[in-house]
Amino acid sequence: QALCGGKGGLCAIAFVDASPANDKKDEQLKMLEDLRKAKHPSPYHFSWVDASCHIDMMQSLDVQMSPAMVVLSPSKSRYTTHIGKFNVQELGATLDGVLSGRTKTGPYSDLKPLSERPCAEVHAEVAAALSGGGESEEDDIMKEMMAEIQAKEAAAKAAQDEEEAKKSKKKKKKKKGKK
């Protein structure tokens, strides 16, 4: 609320896995800072959320994997999710598309708040489970959960790649038709 909703305008919220297991975290956060600088001044307020411990908020915005970015208009209760690669150029194109109206937004009705639980606790639990600190049954359950999460992320990535391929084909067909 303090970084986005209370300020008015549009919010660009990135979901980045900030757990110690994500060795690309610093690179992803630097990319977001570069994007913020490239778009300054703009009506956007930039922030990021630790995707590894704020899953309810991610799911309320239909975000299936991280890293990801959502453009949110709190005053209108509308949003859109960035589809494409997580880099400054493509994220910037999404932001420009929302401002120009080329990128459509949809309504959201129930934006879940950030988790009250400290992310450090979540990271410690996951690390302990992955390192074998728990009982065998708990380890198996955690492995199943991680496998399920990875399968969902892979499926979402495949769907995203398929969507990008369809867009690319449409652009090629339009160019052929114009010749």
[X] side chain vs [Y] backbone, donor-acceptor pair below 3.5 Å:
X      : Y     : answer
Gln160 : Gly84 : yes
Tyr44  : Leu95 : yes
Thr105 : Arg78 : no
Arg36  : Phe46 : no
Glu90  : Lys85 : yes

Step-by-step side chain to side chain contact (heavy atoms under 4.5 Å, CB included) determination, Val70 to Thr80: CA-CA 6 Å; Val70 171; Thr80 189; over 6 Å; no
[atom2] on [Y] to [atom1] on [X], rounded to 0.5 Å:
X      : Y      : atom1 : atom2 : answer
Glu121 : Cys53  : CD    : SG    : 10.0 Å
Gln64  : Lys157 : CD    : NZ    : 14.5 Å
Glu27  : Asn22  : CD    : CG    : 9.0 Å
Tyr108 : Lys76  : OH    : NZ    : 12.0 Å
Tyr79  : Leu72  : OH    : CG    : 9.5 Å

May I ask you to decide whether [X] forms a salt bridge with [Y], counting only side-chain N to carboxylate O separations under 4.0 Å?
X      : Y      : value
Asp26  : Lys30  : no
Lys24  : Asp17  : no
Lys152 : Glu148 : yes

Please find the pair of heavy atoms, one from [X] and one from [Y], that lie closest to each other, and give the distance.
X      : Y     : value
Val63  : Ala68 : CG1-CB, 3.7 Å
Ala156 : Met65 : CB-SD, 3.8 Å
Ala51  : Met58 : CB-SD, 3.4 Å
Lys25  : Ala18 : CD-CA, 3.4 Å

Hphob cluster co-occupancy, [X] + [Y], side-chain heavy atoms under 4.5 angstrom:
X     : Y      : result
Ile55 : Val122 : no
Leu29 : Met31  : yes
Leu99 : Leu35  : yes

Quick check: do [X] and [Y] have side-chain heavy atoms less than 4.5 Å from each other?
X     : Y     : value
Trp48 : Ile13 : no
Ile83 : Thr94 : no
Ser47 : Cys11 : no
Met69 : Val71 : yes
Thr81 : Leu61 : no
Val16 : Leu32 : yes

